[in-house]
Amino acid sequence: QVQLVESGGGVVQAGGSLRLSCVRFGRTSNSGVKAMGWFRQAPGKEREFVAAISWNGGITNYVDSVKGRFTISRDNAKKSMYLQMNSLKTEDTAVYYCARAGTMDVATTTQAYDYWGQGTQVTVSS
């Protein structure tokens, strides 16, 4: 059983930065060779893809609205993944979820992910 735990959320003013972290716990057989991703869900909205990274970090993918502002990375030795968020906007306010894909390649749909964290709240004030 894989457990994912996010941290790093909080309240920040527009234009500020936050760095989210996600750590894998539990039985992690083959988890180091799986893609991972970040999703977010704002109140009253569906969960949406934010960013994904391939198993070795060589390929990344971002939703258009965060390109140039967010950077996804991972450290397999530390069983961790990160999301550096800069130039935050009020529309970035949401609960952010870490997820592990069932494949090595990046994926943008929720159906491609089999393990999810509990989420961390990010609130951007104007």
Within-4.5 Å side-chain heavy-atom neighbours: Tyr82 and Arg19: yes
According to side chain to side chain donor-acceptor pair (under 3.5 Å), does anything in residues 104-118 pair up with another residue at least two apart or in another chain? List the pairs. Arg100-Asp114
Test item: Arg74 and Met36 side chains (from C-beta on) under 4.5 Å apart, heavy atoms: yes
Leu88 and Leu18: CA distance, side-chain angles, deciding distance, side-chain contact (heavy atoms from CB on, under 4.5 Å) verdict: CA-CA 8 Å; Leu88 282 161; Leu18 284 173; 4.2 Å; yes
Run Tyr97 and Phe39 through ring pair (Phe, Tyr, Trp, His ring centres under 6.0 Å) and show every step you take. CA-CA 5 Å; Tyr97 296 91; Phe39 288 75; 8.7 Å; no
Smallest separation among heavy atoms of Leu83 and Ala51, with atom names: CD1-CB, 4.2 Å
Do Phe49 and Val66 share a hydrophobic cluster (ILVMFWY, side-chain heavy atoms under 4.5 Å, transitive)? yes
Contact check, side chains of Trp55 and Lys34, non-hydrogen atoms, under 4.5 Å: no
Can you tell if the side chain of Val50 reaches within under 4.5 Å of the side chain of Tyr62, non-hydrogen atoms only? no
To the nearest 0.5 Å, atom CD of Gln84 lies from atom CG of Leu20 at 9.0 Å
Ile59 backbone acceptor or donor facing Ser54 side chain under 3.5 Å: yes
Does any non-hydrogen side-chain atom of Arg40 lie less than 4.5 Å from one of Glu48? yes
Closer than 3.5 angstrom, by distance alone: can the side chain of Ser80 be matched with the main-chain N or O of Lys78 as a donor-acceptor pair? yes
Flag, side chain of Glu6 to backbone of Gly119, donor-acceptor distance under 3.5 Å: yes
For Ala52 versus Ala107, what's the shortest heavy-atom pair and its separation? CB-O, 3.6 Å
Side-chain touch Gln13/Val124, heavy atoms, less than 4.5 angstrom: no
Checking salt bridge (charged side-chain N to carboxylate O under 4.0 Å, His left out) for the pair Lys89/Asp92: CA distance, chi angles, key distance, verdict? CA-CA 5 Å; Lys89 304 176 180 180; Asp92 294 318; over 6 Å; no
Is there a path of hydrophobic side-chain contacts, each under 4.5 Å between heavy atoms, that joins Ile72 and Val106? no
Heavy atoms, side chains only, cut-off 4.5 Å: are Thr120 and Val95 in contact? no
Spacing of CE belonging to Met81 relative to CH2 belonging to Trp38, to within rounding of 0.5 Å: 5.0 Å
Can you confirm whether the side chains of Ser17 and Asn86 place a donor and an acceptor under 3.5 Å from each other? yes
